[in-house]
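Chain A is the first sequence line, chain B the second, and so forth, proteins listed ahead of strands; every chain is numbered from 1.
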Number of protein chains: 2
Amino acid sequence: MLEAAAALADEVGLEATSMRRVADALGVTAMALYKHVANREELIDGMLDRLVVSIDVPADGLPWEQALRARIRSARSVMNAHPWAQVAIETRTVASPTVLAYMDSLMAIMFDGGLSADLVHHAMHALSTRMWGITRDVLPTPSVPTDSDLRARAMAEFATTYPAIVRMATSTPHAGAGCDDDAEFAFALDLLIDGFARLHEEGWSSVR
Amino acid sequence: MLEAAAALADEVGLEATSMRRVADALGVTAMALYKHVANREELIDGMLDRLVVSIDVPADGLPWEQALRARIRSARSVMNAHPWAQVAIETRTVASPTVLAYMDSLMAIMFDGGLSADLVHHAMHALSTRMWGITRDVLPTPSVPTDSDLRARAMAEFATTYPAIVRMATSTPHAGAGCDDDAEFAFALDLLIDGFARLHEEGWSSVR
DNA sequence: CTTGACACGTCTACAGCGTATACCTATGGT
DNA sequence: ACCATAGGTATACGCTGTAGACGTGTCAAG
């Protein structure tokens with residue numbers, strides 16, 4: 001059932017994955033699903049849990065920074081394979097045991113690295129949803145007319161209204177080629193982990 | 001109308017802010033709303049825009065790090081005053097002109113600080129939704145029985161299943177007192193901004 | 001003064017949603 | 001032989017977003 005629901009969500013998205021459609025896919029009535037889950041929330045929890053348990057556990061003996069990076073990158077590859085996972089994570093309200101276990105494992109990696117409970121706590125907050133390997137697209141990709149004349153006019157107007165956006169879009173190394181989401185994710189993740197490491201070395205504490 | 005919708009959302013949450021209920025609050029039919037907005041998405045966009053324009057613009061002449069921090073902190077105070085804003089941001093799919101202008105202003109702050117387009121680009125991705133001052137709660141607050149005996153037993157069991165979580169929860173400076181979300185937010189934001197500054201000083205570039 | 005456009009509202013209707021309640025039936029342990 | 005239980009069905013309720021047709025009151029142009 002979870003498998004069928006996940007397959008459906010892969011096809012039509014999470015929003016369209018209604019109880020009735022999942023049931024249809026199984027050749028069954030919608031109400032039959034309620035013999036197995038309490039409600040739709042629980043169904044989605046289950047779908048997500050299936051993904052979470054498939055996140056790789058990094059090899060033993062790695063430095064904590066590498067282990068943390070590896071586990072989160074694996075989370076990313078798992079979540080990226082299923083577009084609905086991002087929506088699912090963002091709408092989740094309670095943590096299932098599977099989710100708790102994943103978070104526990106991340107904290108354990110940091111504890112094993114010798115980080116203080118204080119720092120681990122702050123680090124988890126700083127990672128936030130990034131610990132699931134996801135990031136929302138924040139940068140706009142405005143639709144411009146294809147006609148080259150109109151396009152130039154639209155761009156010009158856009159440039160006066162949003163100069164910084166245009167400057168960024170036109171002068172970034174891979175301008176036009178679209179941007180490499182994986183690279184952006186790795187950049188931000190490394191920035192955070194490097195920050196944690198630096199604070200750890202400095203003996204940082206939240207109380208001053 | 002946007003005001004009424006926002007007021008309703010403050011009371012009952014965004015999910016419960018249906019076209020009919022907004023219309024009711026205005027003493028009008030649901031369909032009347034469609035003379036002003038194309039659909040519910042657009043209504044929510046409008047509600048959000050009202051908030052975004054009220055984000056403070058930092059004083060001129062501040063160093064870019066401080067200006068960036070100030071603007072984002074202001075965003076946080078605006079968004080935090082309206083619980084539905086977080087949900088709204090997370091479900092938004094296209095950027096309105098107001099939203100574009102806000103993002104443009106953040107980038108402008110960094111450009112003014114001399115950061116390269118490359119770095120600005122990566123920084124915006126790294127900030128991600130944090131640029132709106134929001135962060136999802138990621139740390140679980142499991143409900144434990146109030147009865148002290150049962151409570152001890154539950155905690156013990158929890159501790160063997162999720163040792164790192166318990167270790168963190170019990171040995172963090174403000175254990176038990178709940179955690180200060182604003183402080184956590186500031187920590188993560190500063191970590192990122194400090195990272196940007198460091199990379200900027202080093203003359204960082206994404207091409208190696 | 002008339003006419004017609006338009007802004008802005010209503011009414012009705014439809015398809016879809018999650019899910020409560022009641023009912024049926026095959027299976028398997030006592 | 002019995003009966004509880006797991007797992008299915010049928011029906012129904014209240015809710016959702018929104019399409020389409022139908023008024024009106026206001027206001028500018030002929």
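For residues 66-85 of chain A, the ring pair (Phe, Tyr, Trp, His ring centres under 6.0 Å) pairs, not counting sequence neighbours, are A:His82-A:Trp84.
A straight line from CG of A:Asp24 to P of D:dG8 spans 14 Å, rounded to a whole angstrom. Going from atom CE of A:Met1 over to atom P of D:dA6 covers 16 Å, rounded to whole Å. The distance from atom CG of B:Leu43 to atom C1' of D:dT16 is 14 Å, rounded to the nearest whole Å. Taking atom CZ on A:Arg20 and atom P on D:dT16, their separation rounds to 16 Å, with Å as the unit.
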List, one per line, each side-chain donor-acceptor pair under 3.5 Å for residues 22-35 of chain A, sequence neighbours excluded.
none

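Near-neighbour residues of DNA chain C inside residues 3-18 of chain A, defined by a heavy atom below 4.0 Å, number-ordered: A:Ser18. Contacts between residues 32-42 of chain B and DNA chain C, defined by a heavy-atom separation below 4.0 Å, involve B:Ala32, B:Lys35, B:His36, listed by number.
For A:Arg130, there are no salt bridge (charged side-chain N to carboxylate O under 4.0 Å, His left out) partners at least two apart in sequence or on another chain. Scanning for side chain to side chain donor-acceptor pair (under 3.5 Å) contacts around B:Ser128 gives an empty result, with sequence neighbours left out.
The aromatic rings of A:Phe196 and B:Phe187 sit parallel to each other, their planes meeting at less than 30°, with 60° as the upper class boundary.
Between the side chain of A:Arg40 and the backbone N or O of A:Met19 there is no donor-acceptor pair closer than 3.5 Å. At least one donor-acceptor pair under 3.5 Å links the side chain of B:Tyr102 to the backbone N or O of B:Met131.
The one candidate from A:His200, A:Met110, A:His125 that meets the side-chain contact (heavy atoms from CB on, under 4.5 Å) condition with A:Val120 is A:Met110.
Of the candidate nucleotides D:dT16, C:dG18, C:dC11, C:dC11 has the atom nearest to the side chain of B:Met31.
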